[in-house]
Amino acid sequence: MTHFVNSMHVVFPEGEKFFIRSVRRFLKEVKDPDLKANIRGFCGQEGVHAKEHENFWEVMRSQNLHPDSFGELINTYYFSNKYSIENIILNGFNALSPRLGEKMNLSITAGLEHYTAIIAKAVFEEPILTNKSMAPEMLELLHWHACEEIEHKAVCFDVLQEVDDSYAIRIGGMLIASATLWSSLIIGMAYFLYQDDERNAPKQVSIGSEFVNRVILGKMGKGLANNLFKYFKKDFHPDQIEDNGILERFFKDKSYA
Ligand SMILES: [Fe+2]
Ligand SMILES: [Fe+2]
């Protein structure tokens, strides 16, 4: 679990910078002033998330882990580098039809935002992350990030709908988003497990199988799968996912809200 979260601390900031690049391209052509304001708010929130996750790299370095080299790997193969998935999609789809590459990257962003919103909801409803399993400051960071993900969950989806409401683009983006998210998080987890000074393969296998049983095949996994598949409904909108006052409860006594 620790190294899965460590992997998130590297994948998320690189992903968040990709989200900002992808949605900003459409700022000028969005007509609705509220949606324009939401795009600016979204970029601001994601920028702060990326910074806070990157601040944690210092702690990882002090534990002899190498977040910088994993970050470089993520940039090379997933985001920003000339031959990364981001740019292969951008240039490849643009070659097929003007702006299709930009729309696909926006659709991948909308798909990843659906993931972050449903994972955020699951974190509050199935509290597998507690002060027993992590430092209170880290729990606070993850809960704060989770709340802001719920808060802006519809922004990229709404932009995509305004720019192009094609079902094929939405679903294509979600499929690429799924492959990108899970492969990068699992590669990162394996990478940091390997670097762990206290690694103990048999113990890790037993913890791993407990995690699969409790989380992936358990109530949390079923809830996540259920909410994930809602995205494939033709008339889906992120607001259809009920958040049951999570934001109100979390932010009510927070000075930074
Ligand atoms: Fe975020
Ligand atoms: Fe987000």
Side-chain angles (χ1 to χ4, degrees), residues 4-27 30 34-57 67 70-71 74-75 78-80 86 104-125 129 134 137-163 170 173-174 176-178 180-182 184-185 188 224 227-228 230-231 236-241 243 246-247 250-251 254 256-257:
F4 188 77
V5 175
N6 281 340
S7 181
M8 281 166 48
H9 286 304
V10 180
V11 172
F12 280 10
E14 302 308 339
E16 283 159 334
K17 288 175 218 163
F18 159 71
F19 298 172
I20 295 171
R21 285 195 291 279
S22 301
V23 75
R24 245 194 207 145
R25 286 196 189 101
F26 294 97
L27 185 62
V30 166
D34 289 341
L35 188 52
K36 257 188 197 306
N38 287 344
I39 294 174
R40 290 201 179 92
F42 170 85
C43 292
Q45 285 186 329
E46 294 297 9
V48 178
H49 298 167
K51 244 207 205 130
E52 292 301 325
H53 283 289
E54 272 172 2
N55 282 342
F56 188 72
W57 292 17
F70 180 51
I74 289 294
N75 269 329
Y78 287 85
F79 307 115
S80 92
E86 173 184 359
M104 280 310 293
N105 275 345
L106 178 64
S107 174
I108 294 169
T109 303
L112 289 169
E113 280 292 298
H114 181 60
Y115 266 110
T116 55
I118 63 173
I119 293 171
K121 174 179 153 77
V123 160
F124 283 101
E125 291 178 354
L129 306 179
M134 60 174 59
E137 297 89 338
M138 182 49 61
L139 191 65
E140 180 84 8
L141 172 75
L142 293 179
H143 278 167
W144 157 77
H145 190 170
C147 279
E148 291 204 344
E149 291 307 319
I150 292 174
E151 198 170 32
H152 68 220
K153 65 181 179 180
V155 177
C156 294
F157 187 93
D158 288 341
V159 177
L160 180 65
Q161 293 305 292
E162 184 164 323
V163 170
R170 165 150 68 95
M174 178 45 116
I176 299 168
S178 301
T180 306
L181 179 72
W182 295 115
S184 59
L185 288 178
L224 277 173
N227 283 328
L228 176 63
K230 287 182 185 162
Y231 198 83
F236 172 78
H237 186 273
D239 289 342
Q240 291 165 5
I241 307 265
D243 301 317
I246 290 171
L247 295 184
F250 182 78
F251 283 128
K254 298 288 186 288
Y256 55 78

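As the structure is a prediction and not an experimental result, all values here were calculated from the model. All ligand and atom numbering here is 1-based and tracks the order in the structure. The figures that follow rest on heavy atoms only: side chains count, while hydrogens, waters and symmetry mates do not.
Residue His49: no N/O/S atom is found under 2.8 Å from the Fe ion (ligand 2). Counting backbone and side-chain atoms alike, Glu16 contributes no N/O/S atom closer than 2.8 Å to the Fe ion (ligand 2).
Note: angle at the Fe ion (ligand 2), from OE1 of Glu113 to NE2 of His152, is 80° (rounded to 10 degrees). Expressed to the nearest 10°, the angle at the Fe ion (ligand 1) joining OE1 in Glu46 with NE2 in His145 is 160°.
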- [ ] Start with the C-alpha distance between Phe157 and Phe236, add both sets of side-chain angles, then the distance that settles ring-ring contact (aromatic ring centres under 6.0 Å, His included), and finish with yes or no.
- [x] CA-CA 10 Å; Phe157 187 93; Phe236 172 78; 5.7 Å; yes
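Side-chain contact of Glu148 with Trp144: a donor-acceptor pair under 3.5 Å is present, judged by distance alone.
Judged by the 6.0 Å distance and 45° axis criteria, Lys254 is positioned over the aromatic ring of Phe250.
The atom of Glu149 nearest to the Fe ion (ligand 1) is OE2, with the search restricted to N, O or S atoms.
Annotation: side chain of Lys230 is not in contact with side chain of Ile118 (no heavy-atom distance under 4.5 Å).
Ring centers of Trp57 and Phe70: at least 6.0 Å apart, outside the cut-off.
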